Amino acid sequence: MGSQSESNFGNDALSGSSASKAASKVDSKAESSTTFDPSGVELPPKYYLDNFRFVLDHVRALYEDILTAQESAFADDFNALSEDAQCLYVRLLSRRGDWFRTDKLNYSEISDINAAADELAAEEFLEIFDSGAEAVQQDAAALGLFTRPEVASCLSGKGVRSLSKAALMERVLEYGKEDSSEYEDVDLKKLPPTRVLCVFGELEMETYRLLFFGNLYQDFTEFVLRDLGLYRYEDYQIDTDSRWCHSREQLEQQVLYYELRNEAGDLRDLVTEALLQIAERVPDETDALLRRRTQRFLADIARQIERSGEAERSLSVYERSHRHPARERRLRILVSLNRLQEADQLAATMAERPYSEEEHQFLLNFVPRKMKHNAGLCESLIEKTLAPAQDILTMPAAYRLEHGVEPAVALSLTDAHPEDHVLYCENLLVPGVFGLVFWPLLFDEVPGAFFHPFQIRPADLYDEEFTAVRQTSLEACWAALDSQSSFEKAVWNIYDSKFGIANPFIHWGGLTKEILELALSRVSTEVWRGLFRFLLKDLRNHKAGLPDLIRFPAEGGFELLEVKGPGDTLQKNQKAWFAEFHRLAIPARVIRVKDEP
DNA sequence: ACCCAGAATG
DNA sequence: TTCACACCCTCCA
DNA sequence: GAGGGTGTGTCTCATTCTGGGTCT
Ligand SMILES: [Mn+2]
Ligand SMILES: [Mn+2]
C-alpha cells in the first residue's frame, strides 16, 4: 500500500510570487539558438524536379532487381521527356487528385505549359480533354474541378441559388447521364472553356515512394523541409546493402497492406463481416518491418469488432496479433464470456512470458479482481499492485485551470520551498538523456537500418533484436556510464555536436543546458543506468510515461512527481514506470490534486 | 464582406 | 504517424 | 473505481491562396 498524506494549499502560497523557479513546460524554440533561419535559404526554381530525379535514381540503385518492367519503363520514359514536360508532370503528380484544368495552372518556371502537356499526352503520362464537358463525360470526378458558380451555370432550373456545390454536382451528373429530354436544362457546354488533364502513373509513383521511404506517410516535402533547414537528419551511410526490401514478394505484401488500409478506410464505418474479410486478407508471414504494421492493424480491426458487440468473433483476429494489448483484450473477453478454462491458460502464459511491462501490470491488476476462481494464479501474482506513494494537494479550481494542473502544482511546491527547483519536463528529460548517451547505438549503421536520408530512427528500432545486433555499440554506450565524468563528457559531447538533429527520444526545443546540468548533477549514474535499462527493455512502450515533474530539493537529490487532476488516473505506461521506480528505489510520487471547496 | 479549412508552396 | 488529459458514459461492488 | 469513447491541446514549418459557406 502506498503512503497517504494530506497537505493544504495555503492562502500564502497563492499570493507568493517566487514562481521564477517553477518551469513552464516547453519554452520551445526560444532556446534553440542554433536552429537555422529558413528565411535565408533559397531553393533552386526547379527544386522539385531535382528531388523527383533523386528518388527515381535512388530506387533504381537499390531496388532495380525488384522493379517490374513496367515500373522500370516508367523511369526511363520519364527521363526521356523534355525538362518542361518533366517539370509539369512532377508538379501535377505531387498535387492532390489526378484531374486538373490548364487555365488554373500557373508555373512560371515552365516556359510552355500547353506544349509540355501535349508532349506528356503523346508519351501517355496523361490524357488531355479539350473541354470540361468531355472530361466530365469520361469521369464524373472532373466536375469537381469547377467552382460552384460554374457548375450552377450548367443548370437553368430554379432553386439553384440555395443549393450547395455537392447538391448542384449531383443534379448535373444525375440528370446529365439520362438523355431523357425531361432534363434538357443541364448543359455541360456552359462550363468555362479550358483544357482538362488527367494524370497517369500514380500507382507507379506510389511504388517508388514506398520503396524509397519504406512507408507511405513520408513524401517529397521531406526534401523541402530539410533543404530549408527546418529538419535536420543524422548523416548515416546508405549503400546498396542497406535496402529494406529484398524481394518482389516483400514489396507486394507491403502494397497489399496499404491497399487494405486504404480500402478499409475508417474502421468505424465497417460492419463485422467486412472487418473480418479485411482481416482475412492481411498477410501473416512477413518481415519484421511489415509485421509491426499488420499486427497493429489486426488489433485495431479486432477492437472495432469488439466495439460492435461481437467480442467473441474478435478473438480469432486478436490471436493473430502478437503484441500488447492483444492478449489483454482476449483475456478480458474470455473472462466476460465465462470461458474460464481458456482464460486460465492464457493468463498463465501471460504471467510466464509477458509481452511487456504494461501487460504485466495489467495482469497484476486484473487477475486478482476478476479471476478470483483461480486462487493459484492470484497467489503467484501476490507481488501485488503496490500502489505508488500518493499525496493529496488541495487548491482552488480556478488556480488549477488558470495555469494548467501541472504548472499549478509546480508553482505551489516552489512557493512552499523556494529553494527547490521544480521542472515540468515529462518525457523531455529521461528519454532525452537516453537519446544523447545512446546516440551511437541509435545511429549504428547496421545493414537495413538506414535506407533513405530522412530517417529519424533506424527502421528496426522497435524490433526485439534491436540491441542484439548492435552489441558493440551498445557496450560502448554503457561504458560511458561507468563514471560520472565519462557520462557527463558523453552527454555534452553529443549535445554540442548533434544539437538540432532529429532523434526519436530528444525534443531539442525543451532539453536545455540548464535542465541537463541540474539533472546530471543530481541523478547518479547508477540511477541513470537503471532508467536506461528499463527503457532498453521496450523502447516503444517505455519512451513515454515518465512523470510530469522532477523536483530538485535544496538539500540535494531529486524526486519524480506525477500530477493527477480530479478524475485522472495513472495510464498504462505510467503504471509500468512507477513499478520500475519501486524496483529501482527511485523516489517517485503521485500528486493528486483536489479542488478546494 | 467576412470566416474557415484544405491545398499548395518553398 | 505524439502524448497526455479532460470529460462523458456504463457497470459494479 | 475501473474501463471505454471521444474530444482537445500540443505536437506540427510558416505562409499564401483558393473556394465554399456564411452573414449582412
Ligand atoms: Mn503529463
Ligand atoms: Mn499528469
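All values below were derived from every heavy atom in this structure, side-chain atoms included, with hydrogens, water molecules and symmetry-related copies excluded. Quick caveat: nothing in here was measured; it's all calculated off a predicted structure. In what follows, chains are A, B, ... by sequence order, proteins preceding strands, each numbered from 1.
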For A/Lys575 and A/Leu145, find the nucleotide of DNA chain D closest to each by heavy atoms; which residue's nucleotide sits nearer the 5' end? A/Lys575
Will you find, in the side chains of A/Tyr258 and A/Glu206, an N or O donor that is under 3.5 Å from an N or O acceptor? no
Parallel, tilted or perpendicular: which describes the rings of A/Phe443 and A/Phe450, with under 30° parallel and over 60° perpendicular? parallel
Touch class at under 4.0 angstrom, heavy-atom based, for A/Lys543 against every strand present: sugar-phosphate
For A/Phe454 and A/Phe212, take the angle between the two ring planes, folded into 0 to 90°, and tell me which bin it lands in: parallel under 30, tilted 30 to 60, perpendicular over 60. tilted
Donor-acceptor side-chain pairing of A/Gln218 and A/Arg209 below 3.5 angstrom: no
If the plane angle is over 60° it's perpendicular, under 30° parallel, otherwise tilted; pick one for A/Phe434 and A/Phe438. parallel
So what does A/Tyr48 touch, heavy atoms closer than 4.0 Å: a base, only the sugar-phosphate, or nothing? nothing
Select base, sugar-phosphate, or nothing to describe what A/Arg91 touches, counting heavy atoms under 4.0 Å on all strands. sugar-phosphate
Pair pattern of DNA chain D in dot-bracket, where unpaired bases get dots and | marks partners in another strand, Watson-Crick or G-U under 3.5 angstrom: |||||||||...||||||||||..
Pick the C1' atom in D/dT15 and in C/dT1, then give their distance to the nearest Å. 24 Å
A/His507 or A/Arg369, whichever maps to the more 5' nucleotide of DNA chain D: A/Arg369
Does atom NZ of A/Lys498 have more than 12 heavy-atom neighbours from other groups under 6.0 Å away? yes
